[in-house]
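What follows is a single structure, written as structure tokens, with notes after it.
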Amino acid sequence: MNGNRTIKLIEIPIGGKGGFTWNRLHGEREDICEALLKDNNDDRKESLQARLRKIDDALDRLMSGSYGNCSKCGGSIEEAKLDLDPALSVCRDCWTSEHGPLSSNLDSSDVVIGTLNPFDTILLRTHNSEYRILLLDPKTGRALVEGGDYLVEPSEALVKGSAAPGHAFKAGAISTGCRLEMWVDEQALLTSLIESVHVKRNTDAETVNDISAALH
């Protein structure tokens, strides 16, 4: 071990929710920088670099006090949209006029959470981990999630959606090649890139009873 190694501590320059947003953006930035060092695929690198530019722009807006304002019309961006993608730079109207409706970014292979039933299970394999997502309320994304390094036991979470670096956030949908975003204990959790998604439909009434008993 190198005894001269220096550990640099990063101080969050703002407080309150702005500090939380800064921390979230900076965390994703570190993940992307690490991925760029390891990834030799030119297409993926281009997507990662595009996302990195969006994050850097968002950090600049956050520090200048213009965060949350549309970069095109100057209007306010919905807070709910910023909660889903903190690097978002345009409002819904400007995005729609340029790209079409937000829902148009869904692929036929995407798993749309709101179309599933309570107690359906989503089995998710990412680049680094596996997750088991038991849906409690598909309409809101409320679920019990287990897997990865942090959720070693089933934990209640809100499954928000997924996005690939450099692409629009897919609210309420899970897509391969994207990172899933979940909120656990008021903290955002982003998975590594999704490699496969499988939905196990609940058809066994006994399974529902067992799950309900486990929750009480």
Side-chain angles (χ1 to χ4, degrees), residues 10-36 44-96 98-99 101-106 110 113 126-128 131 140-143 145 148 150-151 155 157-175 177-194:
I10 299 174
E11 181 180 355
I12 299 175
I14 50 181
K17 186 168 184 180
F20 172 78
T21 302
W22 188 93
N23 195 41
R24 186 177 168 198
L25 286 166
H26 197 274
E28 184 178 351
R29 190 184 193 284
E30 288 183 333
D31 290 343
I32 292 176
C33 290
E34 183 178 351
L36 283 169
R44 280 198 297 269
K45 276 193 171 184
E46 185 176 346
S47 295
L48 289 169
Q49 288 166 348
R51 178 63 180 177
L52 188 61
R53 288 192 292 270
K54 288 186 67 175
I55 290 173
D56 285 342
D57 288 343
L59 287 167
D60 288 342
R61 293 194 303 276
L62 193 61
M63 297 305 297
S64 68
S66 62
Y67 183 81
N69 296 332
C70 177
S71 60
K72 293 187 177 294
C73 70
S76 297
I77 302 174
E78 297 176 50
E79 190 170 336
K81 297 299 181 185
L82 290 171
D83 285 341
L84 292 174
D85 182 3
L88 196 64
S89 63
V90 295
C91 65
R92 175 185 288 272
D93 290 342
C94 289
W95 174 272
T96 301
E98 185 174 348
H99 301 280
L102 290 174
S103 60
S104 66
N105 68 338
L106 296 181
D110 291 348
I113 299 169
T126 71
H127 182 68
N128 295 326
Y131 295 87
T140 62
R142 182 169 162 262
V145 182
Y150 301 103
L151 304 176
S155 302
L158 286 178
V159 182
K160 293 291 189 178
S162 58
H167 292 76
F169 188 81
K170 299 183 179 185
I174 302 176
S175 178
C178 294
R179 289 156 57 101
L180 180 66
E181 179 176 318
M182 300 175 284
W183 284 72
V184 182
D185 293 332
E186 299 184 351
Q187 293 186 340
L189 188 154
L190 293 173
T191 70
S192 55
L193 294 180
I194 299 168

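Every heavy atom of this structure was used, including side-chain atoms; hydrogens, water molecules and symmetry mates were not.
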Task: Side-chain touch I194/R179, heavy atoms, less than 4.5 angstrom - done: no
Task: Whether S71 side chain and S89 backbone form a donor-acceptor pair below 3.5 Å - done: yes
Task: Candidate pair L82 and T21, rule side-chain contact (heavy atoms from CB on, under 4.5 Å), full reasoning - done: CA-CA 9 Å; L82 290 171; T21 302; over 6 Å; no
Task: Heavy-atom closest pair, residues L180 and G161 - done: CD1-O, 3.2 Å
TODO: Would you check, one step at a time, whether the test side-chain contact (heavy atoms from CB on, under 4.5 Å) holds for R142 with L158?
DONE: CA-CA 5 Å; R142 182 169 162 262; L158 286 178; 4.0 Å; yes
Task: Least distance between heavy atoms, C94 atom then C70 atom - done: SG-SG, 3.7 Å
Open item on the list: Could you measure the distance from the CZ atom of R53 to the CD1 atom of I55? Nearest 0.5 Å is fine.
Closed with: 11.5 Å
Open item on the list: Distance check, rounded to the nearest 0.5 Å: Y150 atom OH versus D185 atom CG?
Closed with: 14.0 Å
TODO: Could you tell me whether the side chain of V145 reaches within less than 4.5 Å of the side chain of V184, counting heavy atoms only?
DONE: no
Open item on the list: Working to the nearest 0.5 angstrom, can you tell me the gap between L190 CG and T126 OG1?
Closed with: 11.5 Å
Open item on the list: Rounded at 0.5 Å granularity, tell me how far CG in L59 sits from CD in E28.
Closed with: 10.0 Å
TODO: Might you point out which heavy atoms bring A87 and A58 nearest each other, and give the distance in Å?
DONE: CA-CB, 3.9 Å
Task: From CG (L88) to CD (E78), nearest 0.5 Å - done: 9.5 Å
Task: Gap separating the CD1 atom of I77 from the CG atom of N69, nearest 0.5 angstrom - done: 7.5 Å
